[in-house]
Enquirer: 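Have a look at the structure that comes next, please.
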Amino acid sequence: MKNDELKHIPDSSRVWIFASPQKINEGIRDEILDYIDVFLGRWKAHGKELKSHKLFVDGHFLIIAVDESFEKATGCSIDSLNHFIFEIEKKYKLDLTDRSKVYFRSKNGISSIAFLKIKELIHSAEIDEDTLIYNNSIAKGDELKNKWLLRAEESWLTKYFQKTPLK
């Protein structure tokens, strides 16, 4: 995926992707980003400042990154990030932490479906080998830039497209 917004995130960064099934309108996104700025301004690991980045992509994906070449995020700092995201969910009535959904680009824009129902969409051909799938489990800046958005056939979904050889 080539996205100019991602170029500011160093390849060595640790990355967290929080996804919303519903597109978040621009006004709310701006308000959330301002709220996150306050958190990131005081976010530390063992008393040391974390050099961090934040952005919304495509109205659905909130990305937080820590440049680990500067300072590594630790267990406590990661816990504080997760608690903060839960606050955002509650304050704005959003669902950003449900990891049971698969996000993909459909003819209607960005869609999501419960992981357990993905085979149904493949069987109905709503998702095929060329459908673009978001891999929200990636954890590094270089992966974000190169492996976040992939054709389904190049993703973990490839097993569902395996062709059985004719005998």
Enquirer: Tell me, with the steps shown, if Lys145 and Asp11 meet salt bridge (charged side-chain N to carboxylate O under 4.0 Å, His left out).
Expert: CA-CA 8 Å; Lys145 295 171 188 171; Asp11 289 349; 2.9 Å; yes
Enquirer: My understanding is that only residues two or more places apart in sequence, or in another chain, count here; which of them pass side chain to side chain contact (heavy atoms under 4.5 Å, CB included) with Asp67?
Expert: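 In terms of side chain to side chain contact (heavy atoms under 4.5 Å, CB included), with neighbours along the sequence ignored, Asp67 is linked to Pro10, Ser12, Ser13, Lys51, Ser69, Phe70.
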Enquirer: Around Lys44, counting heavy atoms of other residues, nucleotides and ligands shown, do more than 12 lie under 6.0 Å from its NZ?
Expert: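 Result for NZ/Lys44: enclosed.
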Enquirer: Using the test side chain to side chain donor-acceptor pair (under 3.5 Å), find all partners of Asp98 that sit at least two apart in sequence or belong to another chain.
Expert: Ser100, Lys101
Enquirer: Assess whether a salt bridge exists between Lys147 and Asp142, defined as any Lys/Arg side-chain N lying under 4.0 Å from an Asp/Glu carboxylate O.
Expert: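 Looking at Lys147 and Asp142, the cut-off is not met.
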Enquirer: So, the side chain of Ser77 versus the backbone of Thr74: is there a donor-acceptor pair under 3.5 Å, distance only?
Expert: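 Side chain of Ser77 to backbone of Thr74, a donor-acceptor pair under 3.5 Å: yes, one is there.
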Enquirer: In terms of side-chain geometry, is the basic nitrogen of Glu49 or Arg42 positioned less than 4.0 Å from the acidic oxygen of its partner?
Expert: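 No, no charged N to carboxylate O under 4.0 Å.
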Enquirer: Hey, could you give me the NE2/CD1 distance between His123 and Ile118, rounded to the nearest 0.5 Å?
Expert: 14.0 Å
Enquirer: My understanding is that only residues two or more places apart in sequence, or in another chain, count here; which of them pass side chain to side chain donor-acceptor pair (under 3.5 Å) with Asp130?
Expert: Arg151
Enquirer: So, taking the atom named OG in Ser52 and the one named CD in Glu71, what distance separates them when rounded to the nearest 0.5 Å?
Expert: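 Atom-to-atom, Ser52:OG and Glu71:CD are 12.0 Å apart.
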Enquirer: Checking salt bridge (charged side-chain N to carboxylate O under 4.0 Å, His left out) for the pair Lys23/Asp58: CA distance, chi angles, key distance, verdict?
Expert: CA-CA 8 Å; Lys23 188 170 187 174; Asp58 296 332; over 6 Å; no
Enquirer: Supply the members, apart from Leu94, of the Ile/Leu/Val/Met/Phe/Trp/Tyr cluster built from side-chain contacts under 4.5 Å; use none for a lone residue.
Expert: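 Taking Ile, Leu, Val, Met, Phe, Trp and Tyr as members, Leu94 shares its hydrophobic cluster with Trp16, Phe18, Ile24, Ile28, Ile32, Leu33, Tyr35, Ile36, Phe39, Leu40, Trp43, Leu50, Phe56, Leu62, Ile64, Val66, Ile78, Leu81, Phe84, Ile85, Ile88, Tyr92, Leu96.
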Enquirer: Rounded to the nearest 0.5 Å, what's the gap from CD1 on Ile17 to CZ on Arg99? Could you check?
Expert: 7.5 Å
Enquirer: To the closest 0.5 Å, what do you measure between CZ (Arg29) and OG (Ser20)?
Expert: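 That separation rounds to 10.5 Å.
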Enquirer: Is the centre of the Tyr103 ring less than 6.0 Å from the centre of the Trp148 ring?
Expert: no
Enquirer: Tell me if a side-chain donor or acceptor on Ser106 pairs with a main-chain N or O of Gly109 at a distance below 3.5 Å.
Expert: yes
Enquirer: For Tyr160, give me all partners under ring-ring contact (aromatic ring centres under 6.0 Å, His included), at least two apart in sequence or on another chain.
Expert: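 Once residues adjacent in sequence are excluded, Tyr160 has no partner under the ring-ring contact (aromatic ring centres under 6.0 Å, His included) criterion.
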Enquirer: According to salt bridge (charged side-chain N to carboxylate O under 4.0 Å, His left out), who are the partners of Lys54, at least two apart in sequence or on a separate chain?
Expert: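 Asp37.
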